[in-house]
Amino acid sequence: MINLQGRHALVFGVASEQSIAWAIAKRLHAAGARISLGYQQRFKSRILQLVKSNEIPVPFYERCDVTSPEETEAFFAKIETPIDIVVHSIAYSHPDSFAKPISGVNLEEFSTTLAASAYSLIPVVRAAAPKMSRGGSIMTMTYLGGQRVVSNYKLMGIAKAALEHSVRELAADIGPKNIRVNAISAGPIKTIAASQIAGFDDMMRVYESVAPMRRSVTQDDVADLAVFLGSDLSRNITGQTIFVDAGYSVLAMAELQR
Ligand SMILES: NC(=O)c1ccc[n+]([C@@H]2O[C@H](COP(=O)([O-])OP(=O)(O)OC[C@H]3O[C@@H](n4cnc5c(N)ncnc54)[C@H](O)[C@@H]3O)[C@@H](O)[C@H]2O)c1
């Protein structure tokens, strides 16, 4: 059992009980970490419900839209230090831009998607790193669509590619401060964000029938890796994109059915 007693984990990206970030917060808490949440104002009522449910204690929760420099600054001015673990589990694309063919994407759609889904890791790291005086671990969430063309992932795939390289650059940048930065590449999981992807249910069905493990991935599978990445067991792992995907990413072509 990994022990995170005395560690302080800051988690961004809880929007509902289904959020990957919520599963990570619960697992980090179970390992002993104290949890702080940064949430987007549009999900405030859901956050209040979750916090009041007392499933896990959340002593600090504040709004923080990571694309707003003012909100990010105000958030980090209030948060207790030191921080040991940061989870960036954030992505956004306007529903109309999500499924557009890439050749039809305009600058505004491109900028909005990449600002929220890729760039936002940079201000979070910039604000958090000075408060990670004991060193620590930062992680973000990505998807195979950042490395290969996946049906209906389109613009978000470009954002994930930018996010994964930002992880490598940031790891090189702040490694000397003893802070690690990694990306978790999860297989498809039904959440609010995933519901924006057209044909998501079909995607899940195909996934379960062809992935080497012949099953899909759960929030808890991802959360278990997050606990490992938040712990000293992963002390020399940085700049990586690590797959939790039942092996799907090793396939070039699914097994042919006779
Ligand atoms: N669900 C999947 O199949 C899957 C697979 C691989 C990777 N991911 C990634 O996991 C992460 C979490 O997604 P999820 O599936 O848990 O969905 P989710 O909808 O529960 O979480 C997305 C979160 O992003 C937050 N967010 C968006 N814009 C923001 C902003 N400007 N400031 C602050 N927060 C903002 C939302 O508030 C929400 O909490 C995303 O990066 C997503 O791309 C999801």
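We number each residue from 1, following the sequence as shown. Both ligands and their constituent atoms are indexed starting at 1 by order of listing.
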Margin query: I need the contact type for T140 against ligand 1. Using non-hydrogen atoms and a strict under-4.0 Å cut-off, is it side chain, backbone, both or neither?
Written below: neither

Notebook entry, point to check: Under a 4.0 Å heavy-atom limit, does I90 contact ligand 1 with its side chain, its backbone, both, or neither?
Noted result: both

N/O donor-acceptor pairs under 3.5 Å from side chains in residues 120-135, not counting sequence neighbours:
unit_1: S120; atom_1: OG; unit_2: H88; atom_2: NE2; d: 2.8
unit_1: S120; atom_1: OG; unit_2: A116; atom_2: O; d: 2.6
unit_1: R126; atom_1: NH2; unit_2: Y119; atom_2: OH; d: 3.3
unit_1: K131; atom_1: NZ; unit_2: F76; atom_2: O; d: 3.4
unit_1: R134; atom_1: NE; unit_2: D84; atom_2: OD1; d: 2.9
unit_1: R134; atom_1: NH2; unit_2: G6; atom_2: O; d: 3.2
unit_1: R134; atom_1: NH2; unit_2: D84; atom_2: OD1; d: 3.3
unit_1: R134; atom_1: NH2; unit_2: D84; atom_2: OD2; d: 2.7

What is the nearest protein non-hydrogen atom to [atom], stated with its residue, atom name and distance?
atom	answer
atom 15 (O) of ligand 1	T191 OG1, 2.5 Å
atom 4 (C) of ligand 1	I20 CD1, 4.0 Å
atom 32 (N) of ligand 1	V66 N, 3.0 Å
atom 6 (C) of ligand 1	T142 O, 3.1 Å
atom 31 (N) of ligand 1	D65 OD1, 2.9 Å

Any nitrogen or oxygen of [X], main chain or side chain, under 3.5 Å from a nitrogen or oxygen of ligand 1?
X	answer
I189	yes
Q40	yes
Y92	no
A116	no
S19	yes

Item checked: Contact list for residues 173-187, test side chain to side chain donor-acceptor pair (under 3.5 Å), sequence neighbours left out -> R180-S234

Using a strict cut-off of 4.0 Å, indicate which atoms of ligand 1 neighbour a heavy atom of [X].
X	answer
F43	36 (C), 37 (O)
M141	9 (C), 10 (O), 11 (C), 41 (O)
G187	3 (O), 5 (C)

Short question: side chain of [X], backbone of [Y] - any donor-acceptor pair under 3.5 Å?
X	Y	value
T142	A183	no
Q240	T238	yes
Q147	A161	no
N106	E109	yes

Next item on the list: Please examine the side chains of D201 and K190, heavy atoms only from C-beta on, and report whether any two atoms are closer than 4.5 Å.
Entry: yes

Check: Looking at L28, L50, I35, which one forms a side chain to side chain contact (heavy atoms under 4.5 Å, CB included) with I56?
Finding: I35

Ligand 1 contacted by [X] (non-hydrogen, < 4.0 Å):
X	value
P188	yes
C64	yes
F12	no

Next item on the list: Could you tell me whether D202 and R205 make a salt bridge, using a distance below 4.0 angstrom between a side-chain N and a carboxylate O?
Entry: yes

Checklist line | Salt-bridge contact R34-E80 (side-chain N to carboxylate O under 4.0 Å) | finding: yes

Next item on the list: Give me the one residue out of F43, F75, Y39 that meets ring pair (Phe, Tyr, Trp, His ring centres under 6.0 Å) with F12.
Entry: F75

Using heavy-atom distances, let me know which of [options] sits nearest [atom].
atom	options	value
atom 23 (C) of ligand 1	A193, A194, A183, S89	S89
atom 40 (C) of ligand 1	A21, G13, A91	A91
atom 41 (O) of ligand 1	K160, M156, H88	K160

Checklist line | same_hphob_cluster(V150, M204) at 4.5 Å side-chain heavy-atom cutoff | finding: yes

Check: Any chance the side chains of T218 and D220 put a donor and an acceptor closer than 3.5 Å?
Finding: no

